[in-house]
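Before we start, here is the structure in question, set down as structure tokens.
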Amino acid sequence: MNPKWNGQFSCFDLVAKSKERSRTVVQVGDIEIGGNDFVIMAGPCAVESEDQLLRTAEAVAGAGARVLRGGAYKPRSSPYAFQGLGVEGLKLLSKAREETGLAIITEVMSEENVSLIAEYADIMQVGTRSMENYALLEALGGCGRPVLLKRGMTSTLEEWLRSAQVIAMAGNRDVILCERGIRTFETATRNTLDIAAVPVLKAVSHLPVIVDPSHAAGVRSLVPILSRAAAVVGADGLLVEVHPCPEQAMSDGQQSLNFAEFRDMMEDLQPYLAIQHAAREFRPQLVVGGYD
Ligand code: PEP
Ligand code: MN
């Protein structure tokens with residue numbers, strides 16, 4: 001562990017664990033993120049159509065999800081790829097909330113869109129590519145909504161917590177951290193899920209931590225087992241991609257679960273969540289020292 005972590009959190013003091021503040025519970029309607037529940041946020045990578053979104057919303061709600069995910073503004077690595085439906089997508093998300101009671105999480109990519117997206121979203125998602133967009137982070141300080149801050153693709157935990165601190169300093173303490181895998185030399189998976197990040201963050205920060213197994217794995221077959229791992233290491237929930245017909249998805253189809261796969265995953269998670277509840281709370285000691 002980096003020696004700087006030994007109790008010296010001046011660069012991210014607002015989000016660091018302290019005697020006064022050991023846990024933040026982010027309240028979204030009647031959903032508590034960072035409390036005793038394991039909160040599932042699920043839905044398509046991108047909002048594509050009314051039929052796609054409403055069917056997915058019903059399916060994930062039926063399987064136990066509390067929050068519907070879906071991008072209306074998509075950061076794509078090709079300028080020729082589908083960029084999202086924009087405002088039309090936001091309206092469809094709002095309709096899905098009315099019909100199912102699910103809360104909505106959707107990505108905000110620029111500070112100009114913060115107030116528009118805050119009108120529709122219950123949680124503002126900051127994507128991995130935006131973790132260091134400080135103008136956006138500052139604008140989210142006054143948005144009046146909780147922010148789910150994804151880890152930058154090549155960011156250390158300290159850099160990530162500094163970004164969370166920027167949002168908190170700008171006036172918004174409701175920040176949720178989301179580990180979504182980092183870029184390493186490994187190419188067998190899309191990204192490398194840093195599962196140790198969960199207990200380390202739990203030791204140094206009071207913020208809720210959720211795991212996105214979909215963008216970490218890049219393939220749907222690994223999503224259930226990574227979700228299980230997330231539950232066991234003490235994450236507060238998941239952000240999972242689900243699509244009615246992943247083969248036809250306009251983005252991230254390979255890593256999206258279909259409805260039956262999502263239902264099975266949710267069922268398989270139950271015994272692990274029960275064990276996690278029954279187990280003694282794991283309190284890692286962050287030992288400072290050299291590595292042999
Ligand atoms: C997403 O959630 O669809 C997304 C674009 O994620 P990330 O920012 O982690 O790549
Ligand atoms: Mn995606």
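No hydrogens, no waters, no symmetry mates; every other heavy atom, side chains included, goes into these values. In listed order, ligands and their atoms are each counted from 1.
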Handout entry: Residue contacts for ligand 1, heavy atom to ligand atom, distance under 4.0 Å
Key =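 C45, R69, K74, E107, Q125, G127, T128, R129, K150, R180, H215, E241.
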
Handout entry: Contact check, side chains of V211 and L226, non-hydrogen atoms, under 4.5 Å
Key =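 Of all side-chain heavy-atom pairs linking L226 with V211, none is under 4.5 Å.
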
Problem - Any donor-acceptor N or O pair under 3.5 Å, side chains E112, S110 - result: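 Checked: E112/S110 side chains pair up, N/O donor to acceptor below 3.5 Å.
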
Exercise for the section: Determine whether the side chains of H243 and Q248 contain a donor N or O and an acceptor N or O closer than 3.5 Å. Expected result: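 There is no such pair (donor and acceptor under 3.5 Å, judged by atom type) between the side chains of H243 and Q248.
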
Exercise for the section: Keeping the roles fixed (side chain from Q52, backbone from A46), state whether a donor-acceptor pair exists under 3.5 Å. Expected result: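 Flag set: sc Q52 to bb A46 pair under 3.5 Å.
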
Handout entry: Min side-chain heavy-atom separation R66-D30 under 4.5 Å
Key =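 In short, these two side chains touch, coming nearer than 4.5 Å.
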
Handout entry: Identified side-chain hydrogen bond (donor to acceptor under 3.5 Å, both in side chains) partner of R151 from the options T156, D194, T128
Key =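 Exactly one candidate clears the test, D194.
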
Exercise for the section: For the pair R263 and E267, find out whether any cationic side-chain nitrogen is under 4.0 Å from an anionic carboxylate oxygen. Expected result: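 Result for this pair is no, no salt bridge flagged.
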
Handout entry: Angular separation of OE2 (E241) and SG (C45) seen from the Mn ion (ligand 2), to 10°
Key =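 Centred on the Mn ion (ligand 2), the OE2/SG angle is 90° (to 10°).
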
Problem - D252 atom (N/O/S) at minimal separation from the Mn ion (ligand 2) - result: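 Checking each N, O and S atom of D252, the shortest distance to the Mn ion (ligand 2) belongs to OD2.
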
